Asks: 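For reference, the structure I am asking about is given below.
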There are 2 protein chains.
Amino acid sequence: MTKQFRGSPEEADLRRADSLAREIFSDVANKWAFLIIENLGERTLRFSELRNEIEGISHKMLTQNLRMLERNGLVVRTVHPTVPPRVEYTLTEPGRGLRATVDGMCDWTHTYLGHIEAARRRFET
Amino acid sequence: MTKQFRGSPEEADLRRADSLAREIFSDVANKWAFLIIENLGERTLRFSELRNEIEGISHKMLTQNLRMLERNGLVVRTVHPTVPPRVEYTLTEPGRGLRATVDGMCDWTHTYLGHIEAARRRFET
DNA sequence: CTGAATCCTTGCAGATACTG
DNA sequence: CAGTATCTGCAAGGATTCAG
């Protein structure tokens with residue numbers, strides 16, 4: 001299908017942007033990332049604090065997702081060279097931008113909790 | 001820790017609501033669900049149309065996620081008893097409600113595409 | 001066309017242990 | 001305390017096949 005397609009630079013750019021957007025989407029649209037963003041909010045939290053806040057997340061998932069968020073520039077990681085080490089995480093501006101979305105989803109969940117519960121009961125037949 | 005906890009009905013309800021909310025969150029906060037919701041939008045689409053719209057989704061993932069969304073009352077599934085069968089999917093009101101959130105995330109992605117790209121380059125060092 | 005069921009592979013995610 | 005590495009299982013997800 002790409003055969004004989006006029007490959008203008010603009011088109012190439014659009015393709016790259018689209019695939020990147022899709023990639024970011026895949027990275028960030030998962031529950032742990034959302035929960036981290038939601039729990040960070042305007043605060044600055046340590047690794048262990050986050051671990052305690054987010055019920056059910058494992059050490060490994062937390063580090064993995066924090067790395068991912070850092071890589072994409074949604075959180076900043078600051079290391080205090082003390083002993084014991086103290087590592088803190090904060091949302092960046094893009095991170096705070098996404099927080100609005102996540103907040104929206106939380107609101108949505110609570111708004112429609114009843115609808116959904118009813119739908120589930122209806123479904124089990 | 002639940003030992004000796006005053007289990008008032010209100011508290012029990014809150015707990016149930018919380019765990020349900022968390023469950024819904026886990027169900028819905030995944031990329032395929034988001035992409036389905038985004039692509040459905042205000043339209044009504046057939047299974048095969050959705051399959052074509054959402055690049056990279058497998059037959060199985062599409063059915064699984066549609067079932068999940070149907071179960072939670074975010075989409076309705078209408079079967080036309082023709083031959084060959086024709087099955088259409090549409091967002092419900094809760095589904096359209098969530099669409100606002102998903103749209104927000106799409107906007108966010110495009111807004112910060114540059115930031116993120118830059119952050120990634122910075123990270124690879 | 002839609003969807004369920006089957007196999008089969010892969011990679012996720014938990015547990016554990018070890019460094020700085 | 002924070003992070004990495006290794007091992008292991010189990011479940012997600014792809015390909016295929018069959019049914020309605």
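No experiment lies behind these values; they were computed from the predicted model shown.
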Asks: Rounded to the Å, how far apart are B/Asn65 CG and D/dG13 C1'?
Replies: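 In whole Å, D/dG13 C1' and B/Asn65 CG are 11 Å from each other.
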
Asks: State, to the nearest 10°, the angle formed by the axis through the first five base pairs of the helix from C/dC1-D/dG20 to C/dG20-D/dC1 and the axis through its last five.
Replies: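 Between the first-five-pair axis and the last-five-pair axis there is 40°.
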
Asks: Looking at residues at least two apart in the chain, or sitting in another chain, which of them share a side chain to side chain donor-acceptor pair (under 3.5 Å) with A/Thr90?
Replies: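 In terms of side chain to side chain donor-acceptor pair (under 3.5 Å), with neighbours along the sequence ignored, A/Thr90 is linked to A/Thr44.
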
Asks: Tell me the interatomic distance from A/Asn30, atom CG, to D/dA12, atom P, rounded to whole angstroms.
Replies: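 Rounded to whole Å, this separation is 15 Å.
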
Asks: Can you tell me how far CZ of B/Arg99 sits from CD1 of B/Ile36, rounded to the nearest 0.5 angstrom?
Replies: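 Between B/Ile36 CD1 and B/Arg99 CZ, I get 14.5 Å after rounding to 0.5 Å.
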
Asks: When you compare the side chain of A/Leu91 with that of A/Leu69, does any pair of heavy atoms fall below 4.5 Å?
Replies: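 Sidechains of A/Leu91 and A/Leu69: no contact.
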
Asks: Under the salt bridge (charged side-chain N to carboxylate O under 4.0 Å, His left out) rule, what pairs show up with a residue in residues 82-94 of chain A, not counting sequence neighbours?
Replies: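 Qualifying pairs: A/Arg86-A/Glu88.
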
Asks: Assign a letter to each nucleotide of nucleotides 2-18 of chain C from its 5' end: B, base within under 4.0 Å of a protein heavy atom; S, sugar-phosphate only; -, no contact.
Replies: SBS--------BB----

Asks: What pairs meet the salt bridge (charged side-chain N to carboxylate O under 4.0 Å, His left out) rule with one or both residues in residues 104-116 of chain A, with sequence neighbours excluded?
Replies: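 Output for this query is empty, none listed.
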
Asks: Expressed as a whole number of angstroms, how long is the span from A/Glu70:CD to D/dA2:C1'?
Replies: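 It is 13 Å, rounded to the nearest whole Å.
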
Asks: Output every pair passing salt bridge (charged side-chain N to carboxylate O under 4.0 Å, His left out) with a member in residues 60-69 of chain A, not counting sequence neighbours, ordered by first then second residue.
Replies: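 Salt bridge (charged side-chain N to carboxylate O under 4.0 Å, His left out) check on residues 60-69 of chain A returns A/Arg67-A/Glu70.
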
Asks: Can you say whether the rings of A/His115 and A/Tyr112 are parallel (under 30°), tilted (30 to 60°) or perpendicular (over 60°)?
Replies: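 A/His115 vs A/Tyr112 ring planes: perpendicular.
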
Asks: In Å and rounded to the nearest 0.5 Å, what is the CD to CZ distance from A/Glu124 to B/Arg71?
Replies: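 The distance works out to 6.5 Å.
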
